[in-house]
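Taking it in order: structure first as structure tokens, then the write-up.
In what follows, every heavy atom counts, from backbone to side chain, and hydrogens, waters and symmetry copies are set aside. Remember, it's 1-based here, ligands and their atoms both numbered in the order they're listed.
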Amino acid sequence: MNLSGNTILITGGASGIGLAFAERFLKKGNEVIIVGRREEKLQEAKAKFPQLHTRVCNVANKEDRKELYEWVTSKYPQVNILVNNAGIQQRVNLLNVDQDWDYYQNEIAINVEGPMHLSMLFIPHFKKQKDTAIINVSSGLALMPGVWVPIYSATKAAINSFTVSLRHQLAQTSIEVIEIFPPAVNTDLGGAGLHTFGAPLNDFANSIFQGFENGELEIGYGGTENRLKGSREENLHGAKMAWEGFLKNNPDFIS
Ligand SMILES: NC(=O)c1ccc[n+]([C@@H]2O[C@H](COP(=O)([O-])OP(=O)(O)OC[C@H]3O[C@@H](n4cnc5c(N)ncnc54)[C@H](OP(=O)(O)O)[C@@H]3O)[C@@H](O)[C@H]2O)c1
């Protein structure tokens, strides 16, 4: 992937990892379009980086995804990189299912249906161009589930699997398929304050951009680099240890 001269669509680009990527792509001389549900967050991002293009879109919604595709490809027909970054994370106690299914299904729609459908919408457009890429932001929890976020972890495992298939199926095209495996990073994921223990956002984003420059297709950071090389046994053991650690810090979670 060339790191400059692209037109890049980033879902969830108004905050956290998406915005850190948007900032870096802008600095490298790319056109960047960010989308999210909250207009005010998009405007905040634009006030900070006026070159950004913005669009409200809920990637959980099929019609919104189709509209986004039509809008982007008619306004920016040169668009050549899709970053599937939008995501939410919900803690779920499976012993106490107290919400309607819609609440749980929304996490699947955002984290799984969004990236799958957008990839499938953009492939025909990208196929006609040179130097295109689909970048999926999954998670270290795709490889080692976070037991307290069971649906989230399953969505990220699904995206990991889909990305492998996508890369093989697109091998004869000009579309590069890249997957990013963040560890815990200090953003507002899951709600403000829940990831303050995570890696500093700028250090993480700088390292991922180094991975892009190196031409890596599966890019981890810190602990997730080890998970990518870990055996199934090691990753299952890691999941158990992390769950025990979580329960120590959150003794009321399962009650
Ligand atoms: N931070 C971590 O520890 C961590 C670890 C592993 C993986 N990740 C992944 O990294 C990605 C970015 O997360 P983050 O940490 O940067 O969290 P974040 O700051 O909460 O950013 C998530 C972004 O996604 C957008 N978004 C959420 N639902 C959306 C929807 N239905 N349609 C359109 N946009 C939507 C949000 O904007 P609106 O709310 O305005 O829509 C927000 O800008 C996610 O896929 C996450 O799973 C993060």
Open item on the list: Between Glu31 (side chain only) and Tyr76 (backbone N and O only), is there a donor and an acceptor less than 3.5 Å apart?
Closed with: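 Here the side-chain-to-backbone pair does not exist.
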
- [ ] Could you go through the side chain to side chain donor-acceptor pair (under 3.5 Å) check for Arg65 and Asn58 one step at a time?
- [x] CA-CA 7 Å; Arg65 296 190 293 259; Asn58 180 354; over 6 Å; no

- [ ] Indicate the ring-plane relationship of His125 and Phe122, choosing parallel, tilted or perpendicular according to the 30° and 60° boundaries.
- [x]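 Answer is perpendicular, since the angle exceeds 60°.
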
Open item on the list: Just by distance, no angles: are the side chains of Asn6 and Asn80 close enough, under 3.5 Å, to form a donor-acceptor pair?
Closed with: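 Side chains of Asn6 and Asn80: pair found under 3.5 Å.
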
Open item on the list: Between Ser119 and Asn84, do the side chains contain a donor N or O and an acceptor N or O under 3.5 Å apart?
Closed with: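 Yes, because at least one side-chain N or O of Asn84 sits under 3.5 Å from a partner of the opposite role on Ser119.
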
TODO: Output the set of protein residues with a heavy-atom contact under 4.0 Å to ligand 1, ordered first by chain identifier and then by residue number.
DONE: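 Answer by chain and number: Gly12, Ser15, Gly16, Ile17, Gly36, Arg37, Arg38, Cys57, Asn58, Val59, Ala60, Asn85, Ala86, Gly87, Ile88, Ile110, Val137, Ser138, Ser139, Tyr152, Lys156, Pro182, Pro183, Ala184, Val185, Thr187, Asp188, Leu189, His195.
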
TODO: Go through the steps for Asn61 and Arg37 under the test side chain to side chain donor-acceptor pair (under 3.5 Å), then give the verdict.
DONE: CA-CA 11 Å; Asn61 183 308; Arg37 291 167 301 183; over 6 Å; no

